[in-house]
Amino acid sequence: MLGLRFIRDNLELVNDAMARRGFAAPIGEIVRLDDERRRLLQEVESLKAKRNEASRQIAAMKDRSAAEALKAGMRRVGERIKALDVETAAVEEKLNARLLEVPNLPHASVPIGKDERENVVARTWGQPRKLDFEPLPHWEIGERLGIIDFERGVKMSGTRFYLLRGLGARLQRALIAWMLDLHVNEHGYQEIYPPFVVKEECLVGAAQLPKFRDNLYHDVEDDVWMVPTAEVPLTNLHRGEILDATALPRCYVAYTPCFRREKMSAGRDVRGIKRGHQFDKVEMYKFTRPQDSYHELEKLVDNAEEVCRRLEIAHRVVEVCTGDLGFSTTKTYDVEMWAPGCGEWLEVSSCSNCEEFQARRANTRYRPTPTARPEFVHTLNGSGLALPRTVIAVLENYQQADGSVLVPEVLRPYMGDVRVIR
RNA sequence: GGGGAGAUCGCAUAGUUGGUCUAGUGCGGCCGCCUGCUAAGCGGUUACAGGGGCCUUAAACCUCUGUCGAGGGUUCGAAUCCCUCUCUCCCCGCCA
């Protein structure tokens, strides 16, 4: 969420930013509602000051009849105040609803473009693997090896569900444990095991609500929501807190399953495990001082790339253009691994700076100096990495002519030294 | 699920016959003084948000309003009285 005063004072800049996103934000309505709100506040607050003064006088009065007269007058003032309070609340509610619909401002360095076709490749690591046989897509590898079972997943849970079996399940678990260890031991993150179910205010804090309601699983009985990403609980880890500046940046990493009920278009990513209603992810998250956030973003991307490098899988980093930028983010890098079987670059991580957009919603601040007023922190998030797609990349890059799959070196200690899945 | 207790300015607490509570005190924090250094001591200060004023802007400053878990009610006036909700703790039940 953008600050109301910021919008008021930087109208042109905000309108320009929305244009770069190609987003029709209700800025005009926000300004109009804010004018209305301030007009009401001025009136009601001066009436309240008057009432408080009168109450002080009544308390001090000896003359009862004069007091009664004053009270009678204040009764009318009280009614007017009540009416204005109701009106103000209605305007503020509307204003707040509009504010929640406004996306973040793209950073000046973000390439301008309409959609993902105009994203810019920043760098590529490694050569896309050339196999001396016809590479299979992972769904064929998985089914032949009996490690991915689509049919039974659908039987139990419906379309877009699958199950992993044997060394397939083990491979995913190994990746999770290895990635967590890497980020904790070498990149300075603290591991968090968060709840997988959260209250509505957490979704609002992470800016999943109100905009992405349709994509979320919601339990109506208890009015709780299943997390679509660990970013949600992590954003709310310090909800309402004022952090100590010396403790920043705070870097967290969490493994969670992710639940998304998006109605997926038929024919798009329907094959394999690339896109499902449930998937696992290791997520990195940072709370930083404003002046550090862009530097921390670069480190975040590098941490994600390090996973790819150690798996020795070719990948590239893409700068997401203004038109493709996520709702909450000012700047995003996607990390994509090459998957020779399906012949595409797979998005395995998306690393973003949200600046104070989420911090404002979740009310997470820090004190720059011991005496300074609290300011919003900047928050960043990045996958480190998304599991099913990393599994895809491993299966397709490490497949062999005989249909077996080599286990990447770094994962073997996590796989009981199994070298080959066959 | 049943029963009981509680929620106050970073922490700990005072405040419940409604009116100098513009919420007191202690600890902690900050500023200053003192002192070879440190500690102690002394004095001051110390919540958050919003509106208005001042100003080229911001900070600072002045002023007003709101916030004593949340929402609502009674009243000229609510931390204080009434209702609803949330959360925490304890006991019982159930449970991996």
Side-chain angles (χ1 to χ4, degrees), chain A residues 1-14 30-96 98-100 193 195-205 219-225 233 236-248 250 290-291 356 359-377:
Chain A
M1 181 162 71
L2 302 178
L4 184 55
R5 196 176 306 170
F6 179 85
I7 294 176
R8 199 195 295 157
D9 294 342
N10 300 278
L11 255 188
E12 205 170 316
L13 188 156
V14 171
I30 285 170
V31 171
R32 190 181 62 68
L33 286 166
D34 180 47
D35 287 344
E36 177 70 358
R37 164 183 157 271
R38 284 187 293 157
R39 188 186 66 70
L40 287 165
L41 278 180
Q42 283 177 41
E43 186 179 352
V44 74
E45 286 187 357
S46 73
L47 286 177
K48 282 179 179 175
K50 196 164 145 191
R51 179 179 70 183
N52 288 343
E53 175 55 26
S55 290
R56 269 189 289 272
Q57 286 175 14
I58 290 168
M61 272 178 168
K62 296 283 183 287
D63 182 342
R64 277 192 91 80
S65 66
E68 285 307 321
L70 194 47
K71 281 190 192 179
M74 282 305 111
R75 247 189 291 276
R76 279 197 305 279
V77 172
E79 275 158 26
R80 178 75 183 137
I81 288 173
K82 198 171 286 185
L84 284 170
D85 273 343
V86 169
E87 210 178 323
T88 308
V91 169
E92 284 184 340
E93 189 182 339
K94 221 167 169 181
L95 176 59
N96 198 40
R98 290 291 91 80
L99 279 172
L100 289 175
Y193 170 82
F196 300 161
V197 161
V198 296
K199 296 194 265 188
E200 174 159 334
E201 63 189 30
C202 293
L203 275 311
V204 175
D219 170 53
V220 182
E221 286 273 284
D222 291 326
D223 193 22
V224 289
W225 304 70
N236 288 277
L237 190 59
H238 296 299
R239 159 177 289 279
E241 294 182 27
I242 296 175
L243 302 173
D244 189 347
T246 60
L248 297 176
R250 297 179 87 113
Q291 62 267 40
E356 59 176 56
R360 183 184 298 277
R361 289 178 173 227
N363 193 26
T364 304
R365 293 172 295 175
Y366 81 110
R367 220 178 271 284
T369 68
T371 52
R373 308 166 58 77
E375 290 177 20
F376 291 112
V377 296

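Chain identifiers are assigned alphabetically (A, B, ...) following the order of the sequence lines, protein sequences preceding nucleic acid strands; residue numbering begins at 1 within each chain. Keep in mind it's a predicted model, so treat the numbers as computed, not measured.
- Within the 4.0 Å cut-off from OP1 or OP2 of rG77(B), not a single side-chain nitrogen or oxygen of R56(A) is found.
- With C1' as the reference atom, rA23(B) and rG15(B) are 8 Å apart, rounded to whole Å.
- In this entry rU25(B) has rA12(B) as its Watson-Crick or G-U wobble partner, both defining distances falling under 3.5 Å.
- With a cut-off of 3.5 Å on both Watson-Crick or G-U wobble distances, the partner of rC30(B) is given as rG44(B).
- The side chain of N52(A) approaches rG66(B) more closely than any other nucleotide in the set rG66(B), rC64(B), rG51(B).
- For M74(A), counting side-chain heavy atoms from C-beta on, the closest listed nucleotide (rC76(B), rC48(B), rG51(B)) is rC76(B).
- Backbone-only engagement by R8(A) is indicated by non-hydrogen atom pairs under 4.0 Å involving sugar-phosphate atoms exclusively.
- Ranked by how close their nearest RNA chain B nucleotide is to the 5' end, R37(A) and A72(A) are led by R37(A).
- With a 3.5 Å ceiling on both atom-pair distances, rG18(B) lacks any Watson-Crick or G-U wobble partner.
- Spacing between atom CG of D34(A) and atom P of rG52(B) amounts to 8 Å, rounded to whole angstrom units.
- Pairing partner, rA79(B): none, since no Watson-Crick or wobble contact has both distances short of 3.5 Å.
- Taking atom P in both rG52(B) and rA39(B), one finds a spacing of 45 Å when rounded to whole Å.
- Of the nucleotides present, rU88(B) is the one that pairs with rA5(B) by Watson-Crick or G-U wobble criteria, both distances under 3.5 Å.
- Heavy atoms of K82(A) sit under 4.0 angstrom from primed sugar atoms or phosphate atoms, though from no base atom.
- Using N1 to N3 plus N6-O4 or O6-N4 for Watson-Crick, or N1-O2 and O6-N3 for G-U wobble, each under 3.5 Å, rC68(B) pairs with nothing.
- Comparing rA49(B), rA58(B), rC76(B) by their nearest atom to the side chain of D9(A) picks out rA58(B).
- Side-chain atoms of R360(A) come within 3.5 Å of backbone atoms of M1(A) as a donor-acceptor pair (strictly under, hydrogens ignored).
- Between the P atoms of rU38(B) and rC33(B), the separation comes to 13 Å (whole Å).
- Rounding to the nearest 0.5 Å places NE2 of H238(A) at 13.5 Å from CG of N363(A).
- Between the P atom of rC87(B) and the CZ atom of R239(A) lies a distance of 15 Å, rounded to the nearest Å.
- Under the Watson-Crick or G-U wobble criterion, with both distances below 3.5 Å, rG36(B) has no partner in any strand shown.
- For rU86(B) and rG71(B), the C1' atoms lie 10 Å apart once the distance is rounded to whole Å.
- Closest-nucleotide positions on RNA chain B for R75(A) and V44(A) were compared, and the one nearer the 5' end corresponds to V44(A).
- Proximity note for R365(A) (side chain, C-beta onward) versus rC48(B), rG50(B), rC76(B): the nearest is rC48(B).
- Picking from rG50(B), rA49(B), rG52(B) the nucleotide with the shortest atom distance to the side chain of L41(A) gives rG50(B).
- Here the separation of rG24(B) from rU46(B), taken at their P atoms, is 10 Å to the nearest Å.
- Comparing rG19(B), rG51(B), rG66(B) by their nearest atom to the side chain of I58(A) picks out rG19(B).
- Picking from rU65(B), rG51(B), rG19(B) the nucleotide with the shortest atom distance to the side chain of Q42(A) gives rG51(B).
- In the interface, the side chain of E45(A) is not paired with the base of rG66(B) through any donor and acceptor atom under 3.5 Å apart.
- For R38(A) and rG53(B), the CZ to C1' distance is 14 Å, given to the nearest whole Å.
- Ranking rU65(B), rG51(B), rG19(B) by closeness to the R5(A) side chain, first place goes to rG51(B).
- Between the CG atom of L13(A) and the C1' atom of rU57(B) there is a distance of 15 Å, rounded to whole Å.
- Atom CZ of R51(A) and atom P of rU65(B) are 10 Å apart (whole Å).
- With a 3.5 Å ceiling on both atom-pair distances, rC94(B) lacks any Watson-Crick or G-U wobble partner.
- Distance check on atom P: rA49(B) versus rA59(B) gives 12 Å, rounded to whole Å.
- Judged purely by atom type and a 3.5 angstrom limit, D219(A) uses its side chain to pair as donor or acceptor with the backbone of D222(A).
- R367(A) CZ to I242(A) CD1: the interatomic distance, rounded to the nearest 0.5 Å, is 5.0 Å.
- Rounded to a whole Å, the CG atom of L40(A) is 16 Å from the P atom of rG66(B).
- Checking rA47(B), rU65(B), rC76(B) against every side-chain atom of R367(A), the shortest atom distance belongs to rA47(B).
- Rounded to the nearest 0.5 Å, atoms CZ (R373(A)) and CZ (R365(A)) are 9.5 Å apart.
- rC82(B) and rU88(B) have their P atoms separated by 25 Å, given to the nearest Å.
- A49(A) comes within contact range of the sugar-phosphate backbone alone, with a heavy-atom separation under 4.0 Å but no base atom that close.
- Regarding E241(A), its CD atom lies at a distance of 16 Å from the P atom of rC48(B), rounded to whole Å.
- Straight-line distance from the CD1 atom of I81(A) to the C1' atom of rC76(B): 10 Å, rounded to whole Å.
- Scanning both residues, E43(A) and R80(A), for their nearest heavy atoms gives OE2-NH2, 2.7 Å.
- For the pair K199(A)/N236(A), no side-chain contact is recorded, criterion being any heavy-atom separation below 4.5 Å from C-beta on.
- Shown here is Q57(A), whose CD atom has more than 12 heavy atoms of other residues, nucleotides or ligands within 6.0 Å.
- Between the CZ atom of R37(A) and the CD atom of Q42(A) there is a distance of 10.5 Å, given to the nearest 0.5 Å.
- Among the protein residues, R373(A) comes within range of the sugar-phosphate backbone only, with heavy atoms under 4.0 Å from sugar or phosphate atoms but none that close to a base.
- Comparing rU65(B) with rG3(B), their C1' atoms are spaced 43 Å from each other, to the whole Å.
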